[in-house]
Engineer: 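Right, I'll just put the structure down here and ask away after.
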Amino acid sequence: MTALLYIKTKMLDKIGIAKRIAKEIKDGYYVNLGIGIPTLVANYIPNDVDVILQSENGLLGMGPFPFEGEEDPDTINAGKQTITKLAGSAIFDSAMSFGMIRAKKVNLTILGAMEVSENGDIANWKIPGKMVKGMGGAMDLVASAENIIVAMQHVNKAGESKLLPKCTLPLTGINCVKKIVTELAVLDVLPNGGGFKLLERAPGISVEEIKNATLGKLIIEGEIPEMIID
Amino acid sequence: MNKVVSGADEAIRDIKNGMTLMLGGFGMCGLPEKCILALVKKGVKDLTCISNNAGVDDFGIGLLLHQHQVKKMISSYVGENAEFERQLLSGELEVELIPQGTLATRCMAAGYGMPAIFTPAGIGTEVAEGKEIRNFNGKDYLMEMAFDADFAIVKAWKGDRLGNLVYRSTARNFNPVMAMAGKITIAEVEELVEPGELDPDNIHTPGIYVHRIFKGEDYEKRIEQRTVRKRD
């Protein structure tokens, strides 16, 4: 078995990443979840943690997907999926939605990324010559949020690290990412370009394997515990 | 005062080639679908369209793109549209991608009579290129200009002949801020009611911002991502 395949049998899947991120959500938080793995996080927030989900198209109090036959075309999330509104939800226009984001009323933002640099820059909206979809609300979110967690794969499909000294793709925001959860590890992004500080390993993943998958500056201090995922 | 017009064709009668239009909606949600169909029928060209998204291939602004009626799109997210991507990559279509909050707030600024806003969105990225940056309390902000649109076209749930509007659920999105921002604002509604039927405390767009209103028939209200859960 090659080294890469060996890692693949042990690393977390998307649900594992979502479960680990769910542990970062504190009681009383207002949380904005991006498209992809971040959306899955909502399924693993413990019942005793009271949070309100913000959807930047104009909703606080986003609920689960509707039951079949109960879809409402007027009620969607930022990923344009049909959703429901929980009791106590509130609707507002797009300017107010980004007003509350800019004014730092949203406590935690979780989003995906193509690259993160060791000073917390993030790239996730454009691949020149290949993909032109736009930034949506991502630039507003990363420019204002005080607590940003990135959910992403540690390496891309070509096997290249996505944790870099410097981003190569067009940036979404600078000096903003605080924490990264990947299929291999949990890392803090230290302030002032201090690098990626390894906090936890995915179950069965060695520090050496994380080192090999990380191109940016990796700080390893003492014993690195395994993630605890229920 | 009566702002009611007979339908979409009359509402858009004086939209001309080369004009700048704001179109409300987020994806297919809260989209002024009747006016878009009327614009397709009228065949006006070289439009600059300010709208969060560019529709899908066979619905919404995608229909205008298909007929090459759009010269420039100003949007925040333009995925899910193959024809759009083709025109963009071939250089037939000019596109300005801007952050979603910047898009909304530039509309808001126009409706509030403010020439510009300052936002941190885009600092350190290509969005900031060529724009004035000001530092407030140690943080950099980009100066972004209020939009200047000839027409704003919005979709509401209910409206009266004075132009007062109420939106429904997340179909509100960009509609209220765009309604405030057009030199001429057209509102298409699902229900046209008598003055007094809408509660003054619950009006989202005061009629002063709206110039023309009509009731659209048979809204398609297409769903872009139908997601459901199973009953236990």
Side-chain angles (χ1 to χ4, degrees), chain A residues 39 55-59 62 64-85 89 91-99 101-102 121-123 125-126 128-144 170-176, chain B residues 26-30 52-54 75-80 84-85 88-89 95 97-105 107-109 111 119-127 141-142 157 167-178 204 219-231:
Chain A
T39 306
S55 190
E56 67 267 23
N57 55 318
L59 170 63
M62 180 168 63
F65 296 144
F67 290 120
E68 200 161 358
E70 293 178 3
E71 309 93 299
D72 172 7
D74 288 339
T75 305
I76 63 170
N77 65 15
K80 290 153 190 130
Q81 297 170 307
T82 46
I83 41 118
T84 55
K85 289 174 282 189
S89 67
I91 295 283
F92 36 86
D93 66 56
S94 300
M96 186 180 282
S97 181
F98 285 94
I101 288 166
R102 226 178 278 120
D121 294 353
I122 177 172
W125 74 283
K126 185 179 184 182
K130 273 191 190 164
M131 187 204 79
V132 205
K133 287 186 188 299
M135 65 291 280
M139 280 195 186
D140 306 274
L141 283 158
V142 300
S144 293
L171 294 176
T172 308
I174 54 171
N175 308 317
C176 54
Chain B
F26 180 85
M28 308 286 104
C29 184
N52 190 57
N53 311 96
S75 302
S76 85
Y77 187 83
V78 293
E80 348 307 343
F84 180 95
E85 201 152 359
L88 172 59
L89 293 171
V95 178
L97 290 169
I98 60 176
Q100 193 176 332
T102 301
L103 179 64
T105 314
C107 294
M108 191 199 78
T119 175
I123 287 285
T125 77
E126 62 186 63
V127 166
Y141 294 80
L142 279 185
W157 178 34
Y167 308 89
R168 184 176 172 274
S169 198
T170 59
R172 189 183 309 192
N173 57 62
F174 284 86
N175 284 302
V177 283
M178 287 187 173
H204 300 139
Y219 276 93
E220 186 175 340
K221 290 200 184 182
R222 200 180 282 199
I223 292 175
E224 215 164 320
Q225 306 282 344
R226 187 180 299 275
T227 45
V228 294
R229 73 188 137 132
K230 293 231 176 346
R231 286 172 204 275

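Protein chains get the first letters and strands the later ones, always in sequence-line order, with residue 1 at the start of each.
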Engineer: How long is the straight-line distance from OG1 of B/Thr119 back to CZ of A/Phe98, given to the nearest 0.5 Å?
Structural biologist: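 It comes to 10.0 Å.
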Engineer: What verdict does the salt bridge (Lys or Arg N to Asp or Glu O under 4.0 Å) test give for A/Glu70 and B/Arg231, after you've listed the backbone C-alpha separation in whole Å, the side-chain angles of each residue and the deciding distance to 0.1 Å?
Structural biologist: CA-CA 11 Å; A/Glu70 293 178 3; B/Arg231 286 172 204 275; 3.4 Å; yes
Engineer: Quick check: does any side chain N or O of A/Asp74 sit under 3.5 Å from a backbone N or O of B/Arg168, one acting as donor and the other as acceptor?
Structural biologist: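 Flag not set: sc A/Asp74 to bb B/Arg168 has no pair under 3.5 Å.
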Engineer: Counting only N and O atoms by type, is there a donor-acceptor contact under 3.5 Å from the side chain of A/Asn57 to the main-chain atoms of B/Thr170?
Structural biologist: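 Flag not set: sc A/Asn57 to bb B/Thr170 has no pair under 3.5 Å.
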Engineer: Look only at the side chain of A/Thr82 and the backbone of B/Thr227, and say whether a donor-acceptor pair between them is shorter than 3.5 Å.
Structural biologist: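 Between the backbone of B/Thr227 and the side chain of A/Thr82 there is a qualifying donor-acceptor contact (under 3.5 Å).
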Engineer: Which region of A/Ser97, side chain (C-beta onward) or backbone (N, CA, C, O), has a non-hydrogen atom less than 4.5 Å from a non-hydrogen atom of chain B, or is it both or neither?
Structural biologist: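 No part of it gets close to chain B.
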Engineer: Please flag which part of B/Leu88 lies under 4.5 Å from any non-hydrogen atom of chain A: side chain, backbone, both or neither.
Structural biologist: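 Interface part for B/Leu88: side chain.
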Engineer: Quick one: what part of A/Asn77 sits under 4.5 Å from any heavy atom of chain B, side chain, backbone, both or neither?
Structural biologist: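 When you check distances to chain B, only backbone atoms of A/Asn77 fall under 4.5 Å.
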Engineer: A/Phe65 versus chain B, heavy atoms under 4.5 Å apart: side chain, backbone, both or neither?
Structural biologist: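 Both backbone and side chain.
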Engineer: Measure the shortest side-chain to side-chain distance between A/Met139 and B/Thr102 over non-hydrogen atoms and say whether it is less than 4.5 angstrom.
Structural biologist: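 No, side chains not in contact.
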Engineer: Please look at B/Arg172 and chain A and tell me whether the side chain, the backbone, both or neither of the residue comes under 4.5 angstrom of a heavy atom of that chain.
Structural biologist: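 For B/Arg172, the contact with chain A is made by the side chain alone.
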Engineer: Counting C-beta onward and ignoring hydrogens, is there a side-chain heavy-atom pair between B/Thr125 and A/Met135 closer than 4.5 Å?
Structural biologist: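 In short, these two side chains do not touch, never coming nearer than 4.5 Å.
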Engineer: Counting only N and O atoms by type, is there a donor-acceptor contact under 3.5 Å from the side chain of B/Gln225 to the main-chain atoms of A/Gln81?
Structural biologist: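 Checking the backbone N and O of A/Gln81 against the side chain of B/Gln225, no donor-acceptor pair under 3.5 Å is found.
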